[in-house]
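Remarks on the structure that follows.
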Amino acid sequence: MNRRRFLAFGAGALAATAAGGVYAWQIEPFWVDLVRRPMPLANLPETLVGKTLLQVSDIHVGPHVSSDYLIRSLVAARSLEPDFVAFTGDFVSFRSAHEVTELARVLRSMPHGRLGTVACLGNHDYGRNWSHIGVADDVSRVATDAGMVMLRNDVRVIGGLQFAGLADYWSPEFGISHGEPLEGTLLAPTSSPFVRTGSDAGATLRRLSAGQPTVVLSHNPDVQDLPIWDGVHGWVLAGHTHGGQVKAPFLPPPVLPVKNRRYTAGVFDVGPGRTLYINRGLGFTVQVRFAVRPELTLFMLERAPSVA
């Protein structure tokens, strides 16, 4: 290779690297992928066959994510006219009360399910060190005012589906018997209007009624590896991982905020009659995505064989 060809090759490589960097920084983080999937549910009534459930996750309202981008994405999601909507946590990247105020503005554009809109919280919704119940209460209040049913270790039947929502795994509300609260945190005060007194995540799952079509909202997929799921059938919707945000083709992402590194994104069989889906999220904590586009997920409900 002569000098001229070497310099041309080097210039081309630099240009390709720069173009890739611009793509990963300015294009893919805002290029939303609408994923459509079936959701087979045992004991689904005939009236719900063909209905849709939209999952929205990890919007991360805050300094790193453009509110205008989130509003555009939520307006586009509204056009899908879903029957159910499920938000699976990390509404904010909390720094101050400003993020909670901005969340209220963003959620004015949110999609609502014709039959119901439910939500759970993520670790960022508990403020710094994931330990501030007051921040979680403020986020819950804004979400509730926007029209969601916020489930913090709670079970509700809405529109013919049984929904459970677990407190975030890293939060002090998850429950000291199974969770891993950070040192120095306390369980949520019983005066909180959004907490079911005396209920932890395990107790919440035990309250599920067998024989009903069930969807569990649990932000962190690592919860699947805890011994609290006996007899729970249905789907579990999670987020938290952002799919790793960056990955090389055909390789797993190098960075994931979970212990079980198989929990990247997409569908996982996690037990008899139970399926986990991990959404890649709309937002991010660092503005970069490569081969891991942000995601909205639209499920179509269909009947599955009953589980003994």
Side-chain angles (χ1 to χ4, degrees), residues 35-57 77 80-89 111-121 147-167 169 175 178 196 199-239 263 265-279 296-308:
V35 177
R36 296 177 184 266
R37 296 201 64 92
M39 178 181 278
L41 285 165
N43 305 304
L44 186 72
E46 193 63 38
T47 55
L48 292 182
V49 172
K51 301 296 187 184
T52 56
L53 186 154
L54 176 70
Q55 183 188 7
V56 183
S57 198
L80 299 170
E81 299 183 343
D83 297 293
F84 297 93
V85 177
F87 285 79
T88 46
H112 292 84
R114 288 181 286 199
L115 297 176
T117 304
V118 295
C120 70
L121 296 178
M148 301 182 205
V149 177
M150 179 59 71
L151 302 174
R152 285 163 69 176
N153 290 341
D154 201 358
V155 175
R156 303 282 183 91
V157 176
I158 298 172
L161 291 183
Q162 179 175 226
F163 288 96
L166 305 186
Y169 186 28
H178 300 298
R196 181 172 294 279
S199 182
D200 64 14
T204 300
L205 294 177
R206 290 193 293 274
R207 290 175 49 217
L208 289 168
S209 297
Q212 292 202 48
T214 298
V215 178
V216 179
L217 313 183
S218 178
H219 177 73
N220 189 328
D222 270 337
V223 173
Q224 290 302 307
D225 296 336
L226 300 177
I228 60 176
W229 295 92
D230 286 353
V232 178
H233 302 137
W235 281 67
V236 182
L237 302 183
Y263 293 146
V267 176
F268 299 84
D269 183 356
V270 288
R274 192 171 73 254
T275 304
L276 168 68
Y277 188 84
I278 304 173
N279 182 292
L296 291 167
T297 316
L298 188 67
F299 296 95
M300 180 170 286
L301 307 186
E302 59 184 43
R303 300 191 78 171
S306 296
V307 180

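Treat the numbers as computed from the prediction; the structure is a model and nothing was measured.
- A donor-acceptor contact shorter than 3.5 Å is absent between the side chain of Arg303 and the backbone of Glu46.
- No donor-acceptor pair closer than 3.5 Å links the side chain of Asn153 to the backbone N or O of Thr204.
- In this structure a side-chain-to-backbone donor-acceptor pair under 3.5 Å is missing from Arg156 to Phe163.
- Between Val49 and Leu44, some side-chain heavy-atom pair lies under the 4.5 Å cut-off.
- Using a distance-only test at 3.5 Å, with no hydrogens or angles considered, a donor-acceptor pair links the side chain of His219 to the main chain of Thr88.
- Here the side chain of Trp229 pairs a donor or acceptor atom with the backbone of Val223 at under 3.5 angstrom.
- Checked by atom type and distance alone, the side chain of Thr52 pairs as donor or acceptor with a backbone atom of Asp83 at under 3.5 Å.
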Side-chain atoms of residues 208-217: list all donor-acceptor pairs with protein atoms under 3.5 Å, sequence neighbours left out, distances to 0.1 Å.
unit_1 : atom_1 : unit_2 : atom_2 : d
Thr214 : OG1    : Gln162 : NE2    : 2.8
Thr214 : OG1    : Gln212 : O      : 2.8

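- Side chains of Pro221 and Leu276 form a contact here, defined as non-hydrogen atoms less than 4.5 Å apart.
- Between Phe299 and Trp235, the ring planes lie perpendicular to each other; the angle is over 60°, past the 30° to 60° tilted range.
- Heavy-atom contacts from other residues, nucleotides or ligands closer than 6.0 Å to CZ of Arg36 number 12 or fewer.
- Using a 4.5 Å heavy-atom cutoff, the side chains of Lys51 and Arg114 are not in contact.
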